[in-house]
Participant: 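One structure is given below, represented as structure tokens, and several questions about it will come after.
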Amino acid sequence: MLLADIARTSREVAATPARSEKIAALALLFRRTEPHEAPVVITYLAGRLPQRRTGVGWSTLREHREPAAEPGLTVLEVHETLDRIAAVSGKGAATERTRLVDGLMTAATEEEQRFLFGLIAGELRQGALDALAIEGLAAATGAAPEDVRRAVMLGGSLGAVAEALLSYGPEALTGFRLEVGRPVLPMLAQSAKDVDEALDQLGPGAVAVEEKLDGIRVQVHRDGDDVRIYTRTLDDITDRLPEVLAAARELSVESAVLDGEVIALDTEGRPRSFQEISSRVGSRLDIAGAQQTLPLFPVFFDLLAVDGRDLLALSTRERHAELARVTPEPRRVRRLVADDPNDPETRRAVREFAADVLARGHEGVVVKSLDAPYGAGRRGASWIKVKPVHTLDLVVLAAEWGHGRRTGKLSNLHLGARRPDGTFAMLGKTFKGLTDSLLAWQTERLRELAVSDDGWLVRVRPELVVEVAFDGLQRSSRYPAGVTLRFARVLRYREDKTAGEADTVETVLAMR
DNA sequence: TTCCGACAGTGGGGTCGCAAT
DNA sequence: ATTGCGACCCCACTATCGGAA
């Protein structure tokens with residue numbers, strides 16, 4: 001198959017807003033795909049590369065290359081070139097990567113260049129990713145979409161499922177089931193603003209309220225003495241976490257798949273900051289040294305398989321009973337079971353539990369329906385997280401022009417807190433929380449206040465006050481106050497306030 | 001007919017390791 | 001020694017389509 005076929009399909013997919021038409025266009029192409037090229041074709045049309053990393057990003061791609069007049073590149077040819085690019089390392093690597101990218105791009109037509117740019121940079125913007133590729137694959141092969149989705153979640157790879165389906169048809173899907181040693185996409189949680197809202201959303205059934213730890217999510221597979229540890233995106237990080245490996249080997253099981261969080265504790269047993277944990281888990285070179293400096297502590301909250309049994313379809317209640325059987329107390333997340341979430345006494349107990357979790361220094365709680373199965377790869381309605389929210393009234397110092405559907409709109413706001421001398425200290429940026437009408441309003445308003453515009457950043461007179469919500473402060477080496485906001489989002493503009501009434505740096509630092 | 005679940009898009013800060021400066 | 005880049009941890013929120021209710 002030619003790259004041109006993929007690029008054209010991508011353009012067609014992007015051209016229609018209707019998901020049904022996107023799926024139809026994808027299915028049309030998958031019907032013409034040979035099984036051996038399916039893993040590459042479907043991954044490209046899901047907007048990703050099969051290579052986990054290539055070393056090529058926006059900076060390497062942006063330079064103009066003269067396009068070819070006629071299409072000639074095959075999909076597998078492109079795939080091999082990217083394999084070669086990904087393998088480049090050592091002195092002169094950047095030059096060599098650029099040379100290979102030059103060769104690829106000059107062999108591509110203008111349409112193919114656009115496609116490759118979006119694909120490699122990870123911003124294809126065709127309105128379809130894995131989920132619609134799965135739908136298209138199902139349509140092309142006559143398989144049930146839900147069965148295909150399930151196979152991908154359990155098989156861990158869209159490409160492998162596509163190849164099997166195109167080779168053997170829908171019957172091939174039964175071969176994809178949970179296997180110890182092969183990671184499964186983890187279940188994710190929705191959010192609510194407080195525990196009462198979370199309980200209301202879950203309905204009348206029994207729930208568990210669990211502490212939410214602020215660390216790195218891990219999926220631990222143990223098969224005898226063999227242990228593998230995966231991140232949320234299924235990256236294998238076994239080598240970096242000897243403590244987790246040891247903890248898995250201590251369990252009284254032959255085999256198991258566990259879901260949990262890795263954190264670190266200080267000498268009083270209080271959790272260390274996310275930044276410290278992230279630094280430790282991210283360290284790959286001197287593991288022994290890193291382990292000395294910051295020992296990690298894995299805590300588990302779910303069990304997906306044990307001793308040959310697949311527990312995914314069991315209820316949270318049943319899975320947790322198994323977890324409790326095989327995992328010692330300190331290795332499990334603290335939790336409270338509420339059989340009748342509508343009982344006022346129970347609600348009080350839940351609120352108290354949540355307050356206690358926060359007092360212990362943790363991030364919040366996750367409220368889980370006890371009757372739901374493990375929804376691999378789903379942001380299911382049966383897990384709901386609750387974290388405290390802070391707010392500040394900050395001054396807009398500048399705004400960046402948006403991209404994609406926000407082209408022509410001032411989108412990303414630079415936020416500042418007041419200093420005593422009347423100047424402002426930038427605390428970070430945000431683009432979140434803006435509706436289309438607010439986006440239009442702020443674009444107009446900020447243009448009136450503009451003092452400069454370099455095509456990327458519009459600086460404005462610091463007059464507009466915006467109320468910003470955020471999860472907490474983090475240390476920052478980039479911003480002048482030494483702190484920045486975690487997960488900042490706009491709540492509303494405060495037109496009733498002047499910049500002189502905005503929150504001060506002092507107020508912000510007092511929140512630490 | 002209305003409601004709502006799933007999806008994609010739009011980007012945030014920090015951290016590491018590597019290569020270039 | 002410092003800086004820029006790519007990759008990957010953490011992630012919130014809105015708009016939209018189309019099936020469910």
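Sequence lines set the chain letters: A, B, ... in the order given, protein chains first and strands last, and positions in each chain run from 1. A quick note: this is a predicted structure, and the numbers were derived from the prediction, not measured.
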Participant: In whole Å, I'd like the distance from the CG atom of A:L188 to the P atom of B:dA8.
Facilitator: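 Nearest whole value for this atom pair: 14 Å.
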Participant: Report which part of the nucleic acid A:K432 touches: base, sugar-phosphate, or nothing (heavy-atom distance under 4.0 Å, all strands).
Facilitator: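 Base contact.
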Participant: For A:R478 and B:dG13, give me the distance from atom CZ to atom C1', rounded to whole Å.
Facilitator: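 One finds 6 Å between C1' of B:dG13 and CZ of A:R478, rounded.
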Participant: Please determine, for B:dG17, whether a Watson-Crick or G-U wobble partner exists with both distances under 3.5 Å, and give it or none.
Facilitator: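 The base-pairing partner of B:dG17, which may sit in any strand shown, is C:dC5.
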Participant: Should the pair A:R331 and A:F297 be classed as cation-pi, given the thresholds of under 6.0 Å to the six-membered ring centre and 45° from the axis?
Facilitator: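 Judged by the rule, A:R331 and A:F297 form a cation-pi pair.
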Participant: Among B:dT15, C:dC10, B:dA20, which nucleotide sits nearest the side chain of A:A94?
Facilitator: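 Nucleotide nearest to A:A94's side chain: B:dA20.
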Participant: Strictly below 4.0 Å, heavy-atom distances to any atom of DNA chain C: list the hits from residues 378-394 of chain A, or just say none.
Facilitator: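 Output list: A:K385, A:K387.
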Participant: Go nucleotide by nucleotide along DNA chain C from the 5' end; which of A:F487 and A:R405 gets its closest nucleotide reached first?
Facilitator: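 Per heavy-atom nearest nucleotide, the more 5' residue is A:F487.
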Participant: Categorize A:R19 for me: base, sugar-phosphate, or nothing, with a 4.0 angstrom heavy-atom threshold over every strand shown.
Facilitator: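 It contacts base atoms.
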Participant: Checking A:R486 against A:F274: charged group under 6.0 Å from the ring centre and within 45 degrees of the axis?
Facilitator: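 Yes.
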Participant: Please determine, for the side chain of A:S411, which listed nucleotide (B:dT10, B:dG13, B:dA6) has the closest atom?
Facilitator: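 Of all the options, the side chain of A:S411 is nearest to B:dT10.
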Participant: Across the strands shown, which category fits A:K212 at heavy-atom distances under 4.0 angstrom: base, sugar-phosphate, nothing?
Facilitator: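 Answer is sugar-phosphate: A:K212 comes under 4.0 Å of backbone atoms only.
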Participant: Taking the side chain as everything from C-beta on, heavy atoms only, tell me whether A:P271 gets closer than 4.5 Å to A:L213.
Facilitator: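 Heavy-atom side-chain distance check fails, nothing below 4.5 Å.
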Participant: Take A:S191 and A:R240, find for each the nucleotide of DNA chain C with the closest heavy atom, and name the residue whose nucleotide sits nearer the 5' end.
Facilitator: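 That would be A:R240.
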Participant: What's the closest nucleotide to the side chain of A:P17 if the choices are B:dG11, C:dC17, B:dA20?
Facilitator: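 Within the option list, the nearest is C:dC17.
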Participant: If I take atom CZ in residue A:R149 and atom P in nucleotide B:dA6, what distance separates them, rounded to the nearest angstrom?
Facilitator: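 Checked: the CZ to P distance equals 9 Å.
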Participant: Have a look at A:G402 and say if it touches a base, only the backbone sugar-phosphate, or nothing, with a 4.0 Å heavy-atom cut-off.
Facilitator: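 Touches sugar-phosphate only.
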Participant: Check every strand shown and say whether A:D214 touches a base, only sugar-phosphate, or nothing at a heavy-atom separation below 4.0 Å.
Facilitator: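 It contacts nothing in the nucleic acid.
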Participant: OP1, OP2 of B:dT15 versus side-chain N and O of A:Q275: anything below 4.0 Å?
Facilitator: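 Checking B:dT15 against A:Q275, a side-chain N or O does come within under 4.0 Å of OP1 or OP2.
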Participant: Would you classify A:V490 as touching base, sugar-phosphate or nothing, given that sugar-phosphate means primed atoms plus P, OP1 and OP2, and contacts are heavy atoms under 4.0 Å?
Facilitator: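 No contact.
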Participant: May I ask you to say what A:L132 touches in the nucleic acid, namely base, sugar-phosphate or nothing, with a heavy-atom cut-off under 4.0 Å?
Facilitator: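 Contact class for A:L132: sugar-phosphate only.
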Participant: Let me know which of A:R405, A:K409, A:R406 forms a side-chain hydrogen bond (donor to acceptor under 3.5 Å, both in side chains) with A:D436.
Facilitator: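 The option that passes is A:R405.
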Participant: Whether A:R475 contacts B:dG14 is assessed here as follows: a side-chain N or O lying under 4.0 Å from the phosphate OP1 or OP2. Is that the case?
Facilitator: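 Result: no.
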Participant: Expressed as a whole number of angstroms, how long is the span from A:R489:CZ to C:dC13:C1'?
Facilitator: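 These atoms are roughly 9 Å apart.
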Participant: Could you go through the salt bridge (charged side-chain N to carboxylate O under 4.0 Å, His left out) check for A:R459 and A:D453 one step at a time?
Facilitator: CA-CA 7 Å; A:R459 294 180 194 283; A:D453 179 357; over 6 Å; no
Participant: Atom CD of A:Q126 to atom C1' of B:dG9: distance rounded to whole Å?
Facilitator: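 One finds 12 Å between C1' of B:dG9 and CD of A:Q126, rounded.
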Participant: What contact category does A:E400 fall into here, base, sugar-phosphate, or nothing, at under 4.0 angstrom with non-hydrogen atoms?
Facilitator: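 If one applies the 4.0 Å heavy-atom cut-off, A:E400 turns out to touch the sugar-phosphate alone, with no base involved.
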Participant: Do other residues, nucleotides or ligands put more than 12 heavy atoms under 6.0 Å from the CH2 atom of A:W441?
Facilitator: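 Yes.
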Participant: Using a heavy-atom cut-off of 4.0 Å across all strands, would you classify A:A488 as base, sugar-phosphate, or nothing?
Facilitator: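 No contact at all - A:A488 keeps every heavy atom at 4.0 Å or more from the nucleic acid.
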Participant: I need the CG-P distance between A:L124 and B:dT10, as an integer number of Å.
Facilitator: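 Interatomic distance, CG of A:L124 to P of B:dT10: 12 Å.
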Participant: Looking only at non-hydrogen atoms, find the nearest pair between A:M511 and A:T391 and report the distance.
Facilitator: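 Residues A:M511 and A:T391, closest heavy atoms: CE-O, 4.4 Å.
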Participant: Counting only side-chain N and O atoms of A:T231, is one of them less than 4.0 Å from OP1 or OP2 of C:dC8?
Facilitator: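 No, because none of the side-chain N or O atoms of A:T231 sits under 4.0 Å from OP1 or OP2 of C:dC8.
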Participant: Does a side-chain N-to-carboxylate-O contact under 4.0 Å join A:R335 and A:E211?
Facilitator: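 The answer is no: the pair does not qualify as a salt bridge.
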